[in-house]
Protein chains: 4
Amino acid sequence: MPTSTPVATPDTEPARKRRKEARPQELLDAALQVFVEKGFAATKMEDVANLASVSKGTVYLYFPSKEELLKAVIRHNLSLTIAQGGDLVAQFPGSTHELLHLLAMTWWERVGETQASGIFKLIITEVRNFPEFAEFYAAEVIEPGRQLLKALLQRGIARGEFRAVPLDDTVHALIFPMLMLCLHKHSVGACSGDVATQDPRAFIHNHIDLMLHGLCCQPGQH
Amino acid sequence: MPTSTPVATPDTEPARKRRKEARPQELLDAALQVFVEKGFAATKMEDVANLASVSKGTVYLYFPSKEELLKAVIRHNLSLTIAQGGDLVAQFPGSTHELLHLLAMTWWERVGETQASGIFKLIITEVRNFPEFAEFYAAEVIEPGRQLLKALLQRGIARGEFRAVPLDDTVHALIFPMLMLCLHKHSVGACSGDVATQDPRAFIHNHIDLMLHGLCCQPGQH
Amino acid sequence: MPTSTPVATPDTEPARKRRKEARPQELLDAALQVFVEKGFAATKMEDVANLASVSKGTVYLYFPSKEELLKAVIRHNLSLTIAQGGDLVAQFPGSTHELLHLLAMTWWERVGETQASGIFKLIITEVRNFPEFAEFYAAEVIEPGRQLLKALLQRGIARGEFRAVPLDDTVHALIFPMLMLCLHKHSVGACSGDVATQDPRAFIHNHIDLMLHGLCCQPGQH
Amino acid sequence: MPTSTPVATPDTEPARKRRKEARPQELLDAALQVFVEKGFAATKMEDVANLASVSKGTVYLYFPSKEELLKAVIRHNLSLTIAQGGDLVAQFPGSTHELLHLLAMTWWERVGETQASGIFKLIITEVRNFPEFAEFYAAEVIEPGRQLLKALLQRGIARGEFRAVPLDDTVHALIFPMLMLCLHKHSVGACSGDVATQDPRAFIHNHIDLMLHGLCCQPGQH
DNA sequence: AATGAATGAGTCTTCATTCAT
DNA sequence: GATGAATGAAGACTCATTCAT
């Protein structure tokens with residue numbers, strides 16, 4: 001039923017088989033949701049199993065332990081993110097101004113608005129208990145992301161669009177508010193009526209705009 | 001008060017007594033540290049007890065449960081934060097430009113550089129398991145902080161120093177990178193060699209500077 | 001039977017069929033090996049299945065449970081042992097001296113040197129969890145074996161070859177070292193470099209020799 | 001109540017404390033019994049706890065895992081055995097003949113007739129699952145025991161009491177029947193009415209006697 | 001007030017067994 | 001008959017909490 005088979009075979013492939021192939025994905029999705037909602041420690045394997053509509057034991061057919069399940073969840077969702085990151089940039093024709101807006105908005109759509117946004121909370125919460133992750137995350141996510149934005153800033157500076165700002169710090173100043181939006185969404189934002197912002201897309205647009213033009217009135221500043 | 005003062009004070013009251021009065025504070029400090037380091041679930045009451053150099057049972061003389069201990073830790077540290085918030089502003093004579101820099105730097109010194117910076121990680125991580133806090137935190141910390149910065153922005157706009165930017169979103173764009181700095185410090189930053197920034201004060205200065213002047217080359221500026 | 005014979009035999013019956021008939025035997029062999037190696041509890045049905053190159057489910061087509069599999073393994077291997085026991089004795093022409101040596105060596109070749117030697121460890125280990133076997137084993141193995149050796153001793157005494165030693169205890173003194181050799185082989189001997197003896201056949205020869213002539217220097221002997 | 005305190009203090013030492021000191025021993029005794037009875041795998045920590053009249057968790061206050069509990073049980077009971085082994089020999093004045101009888105009987109009294117006799121079954125059963133034990137057991141028990149008996153045989157040979165038999169094999173021929181007696185006692189012997197021997201001490205006496213004098217009629221053998 | 005031995009509820013994890021294919 | 005995905009009962013182990021001292 002999932003992928004429609006061409007024509008001839010009227011769905012003869014065993015349902016069991018199709019299930020087996022879909023299971024890891026189903027389990028990872030369920031796990032992401034429960035992990036993000038409750039945190040690693042408070043997540044019971046049975047919770048994940050139930051959400052994926054399988055029994056406790058079945059989870060262990062695909063992931064050897066709760067820890068490995070978490071790792072898989074993070075790896076799975078991060079790999080996507082990274083891949084998507086590189087896609088967009090590189091051959092953008094227009095102004096760096098436009099590129100920055102586009103990049104931010106795309107990131108928000110593909111990460112911030114999906115369940116993947118919960119990963120950051122997980123990372124914040126669990127890195128210290130999974131030291132191997134610190135390394136992994138630093139190498140696979142932080143560093144590539146940083147390089148991406150540095151390249152973008154350098155492009156702007158080279159083209160005379162941007163001031164010669166300190167690269168690393170500016171990269172963080174750019175990305176941090178967007179990460180906080182994700183964190184807020186899965187913590188305070190999920191509980192109290194408090195919303196960090198009425199309209200995240202508008203927030204991001206404004207953030208990028210501020211980063212580009214600043215608060216000060218243009219003429220005769222300072 | 002902890003280290004015994006030389007002679008003057010008629011320090012006849014038994015060390016035990018002084019100890020007893022200091023206990024709750026000592027326990028809260030120890031708990032903050034362990035909670036921040038390991039997360040709520042991974043924190044053993046014994047860890048806290050050991051760090052405070054008391055026995056497991058003693059913790060229960062002061063806090064009825066692990067949950068209450070966490071609540072006390074958060075409440076205790078939040079009160080500090082709140083108190084510190086209001087102090088500085090209101091009657092600042094100089095430019096809003098200067099005020100913003102001063103405010104940011106002061107906050108960093110009093111929060112970011114102290115153990116209190118760990119409280120944000122705790123909140124992010126645990127609000128969903130202690131929903132009562134969401135409300136409390138929103139009302140006691142987020143809202144006052146937001147008002148403070150909004151007032152500051154309005155001051156700048158009124159004085160013709162700032163553009164008429166959207167207030168709420170700009171407030172968040174201002175504060176979020178600084179919160180992320182705190183979170184980073186207690187998560188990724190505590191594990192991998194990765195540092196968000198070489199020099200947090202410089203980062204903050206740069207961040208505020210960016211918020212004020214933006215990335216774009218503005219003819220005649222600077 | 002497993003490897004297909006060339007041409008002659010009208011081997012039209014499907015390989016499947018031949019397989020099917022060999023299965024129980026193959027499974028019992030695999031099970032004996034794994035049970036002896038790991039013990040009953042540590043043996044996974046999957047291990048047995050894998051060793052017999054079938055799937056987990058297949059084992060259950062032949063044996064209804066792990067317990068029944070163990071019972072079958074013991075029963076199967078015991079029957080062999082018993083049958084082999086009676087064969088040799090009865091009409092031996094020579095001296096009881098020679099007969100004892102011959103009997104011991106034959107037993108070692110047919111039991112000690114084969115997989116059957118592992119059955120003793122299984123019995124020792126598991127009888128208390130399968131009490132029904134105690135009876136079975138006592139009646140079918142211990143008692144016949146005991147009778148055999150008692151008859152042998154009586155033959156020796158009657159012929160004036162042996163002293164009038166206590167029959168039962170001597171029977172045990174004769175057989176116990178050989179059983180220990182089997183047990184050792186499948187326990188300590190299988191792990192550490194420790195070997196009970198460099199040369200089991202020489203050990204047995206020496207053991208029988210000791211049983212016949214003793215340690216003491218007997219003037220005029222040998 | 002256990003050790004009577006001298007005079008003055010009328011049992012003021014806290015019962016709790018005394019308990020703590022007695023616990024490991026109590027637990028080891030309980031564990032030995034249950035392990036021997038059911039085997040390692042079939043033993044539940046709760047069984048051990050119940051037999052020692054404590055809760056599940058208490059066992060873990062003293063032994064970090066079931067495996068370590070087994071190791072401790074074996075180590076504890078073996079150390080005694082070894083120590084006792086060395087005690088007896090060395091300065092025996094009489095004939096090697098007498099010494100051998102005495103040694104065998106003492107061993108039987110101190111090991112064979114106590115719960116410690118169950119250890120051998122445990123070892124046989126579990127060495128392959130605890131490879132580290134093979135080494136330990138070989139070094140701490142097998143080797144010292146072997147040396148002890150070799151020394152005894154050499155003494156007999158040197159004094160002209162014994163024939164020049166092969167040492168290693170003879171050592172095993174001496175000890176194996178006694179080990180089998182222990183194994184039998186805790187396996188078949190504990191289930192069926194079957195007894196290896198009516199009177200173990202008589203069996204051992206006979207065994208040693210056979211080892212010394214053999215089956216053959218003294219004069220004009222072969 | 002302080003201690004730390006003891007408890008036992010709660011989870012992860014394993015694996016014998018089942019059954020749809 | 002054969003398969004192997006799925007199940008869920010069972011047991012090791014942890015740790016918040018209690019309470020006798």
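A, B, ... follow the sequence lines: proteins, then strands. Residue 1 opens every chain.
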Please report the distance, rounded to the nearest Å, between [atom1] in [X] and [atom2] in [N].
| X | N | atom1 | atom2 | answer |
| --- | --- | --- | --- | --- |
| C:Y62 | E:dT17 | OH | P | 18 Å |
| A:K38 | E:dT11 | NZ | P | 9 Å |
| D:K44 | F:dG11 | NZ | P | 4 Å |
| D:L61 | F:dA16 | CG | C1' | 14 Å |
| B:Y60 | E:dA6 | OH | P | 18 Å |
| C:F35 | E:dA16 | CZ | C1' | 12 Å |
| C:E68 | E:dT17 | CD | C1' | 14 Å |
| D:D47 | F:dA12 | CG | C1' | 12 Å |

Between C:Q33 and C:D29, is there a side-chain donor-acceptor contact under 3.5 Å, judged purely by atom types and distance?
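No, no side-chain donor-acceptor pair sits under 3.5 Å.
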Can you tell me how far apart CZ (C:F35) and NZ (C:K66) are? Round to the nearest 0.5 Å.
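Nearest 0.5 Å value for the CZ-NZ distance: 6.5 Å.
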Can you tell me how far the CG atom of B:L32 sits from the CD atom of B:E37, to the nearest 0.5 Å?
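CD of B:E37 is found 10.5 Å from CG of B:L32.
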Side chain to side chain, D:Y62 and D:L69, heavy atoms closer than 4.5 Å:
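Not in contact.
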I want to confirm an ordering. Mapping D:V59 and A:G57 to their closest nucleotides on DNA chain E, which one lands closer to the 5' end?
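Here D:V59 is the residue nearer the 5' end.
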Taking for A:E67 and for C:M45 the nucleotide of DNA chain E with the nearest heavy atom, the one nearer the 5' end belongs to A:E67
Please list every donor-acceptor pair under 3.5 Å in which a side-chain atom of residues 41-51 of chain D meets a protein atom from a residue at least two apart or in another chain.
| residue | atom | partner | partner atom | Å |
| --- | --- | --- | --- | --- |
| D:T43 | OG1 | D:V34 | O | 3.4 |
| D:T43 | OG1 | D:G39 | O | 2.7 |
| D:D47 | OD2 | D:K44 | N | 3.1 |
| D:N50 | ND2 | D:E46 | O | 3.3 |

OP1 or OP2 of E:dA2 less than 4.0 angstrom from a side-chain nitrogen or oxygen of B:R23, does that happen here?
yes
Quiz item: D:K56 side-chain donor-acceptor pair to E:dG10 base, under 3.5 Å:
yes
Please evaluate residues A:I74 and A:Y137 with respect to the criterion side chain to side chain contact (heavy atoms under 4.5 Å, CB included), reporting the C-alpha separation (whole Å), side-chain torsions for both, the decisive distance (0.1 Å), and the verdict.
CA-CA 9 Å; A:I74 295 187; A:Y137 184 67; 5.5 Å; no
Kindly point out which of F:dT3, E:dA2, F:dA5 is positioned nearest to the side chain of C:V54?
F:dT3
I want to verify a distance call: between E:dT14, E:dG8, F:dA2, whose nearest atom is closest to the C:S55 side chain?
F:dA2
For DNA chain F, consecutive-pair runs of 3 or more (Watson-Crick or G-U wobble, both H-bond-type distances under 3.5 Å) give E:2-21 with F:2-21
In residues 124-133 of chain D, what donor-acceptor pairs under 3.5 Å come from side-chain atoms, sequence neighbours left out?
| residue | atom | partner | partner atom | Å |
| --- | --- | --- | --- | --- |
| D:T125 | OG1 | D:K121 | O | 2.6 |
| D:E132 | OE1 | D:K71 | NZ | 2.8 |
| D:E132 | OE2 | D:K71 | NZ | 3.0 |

First encountered from the 5' end of DNA chain F, between D:K66 and B:T43:
D:K66
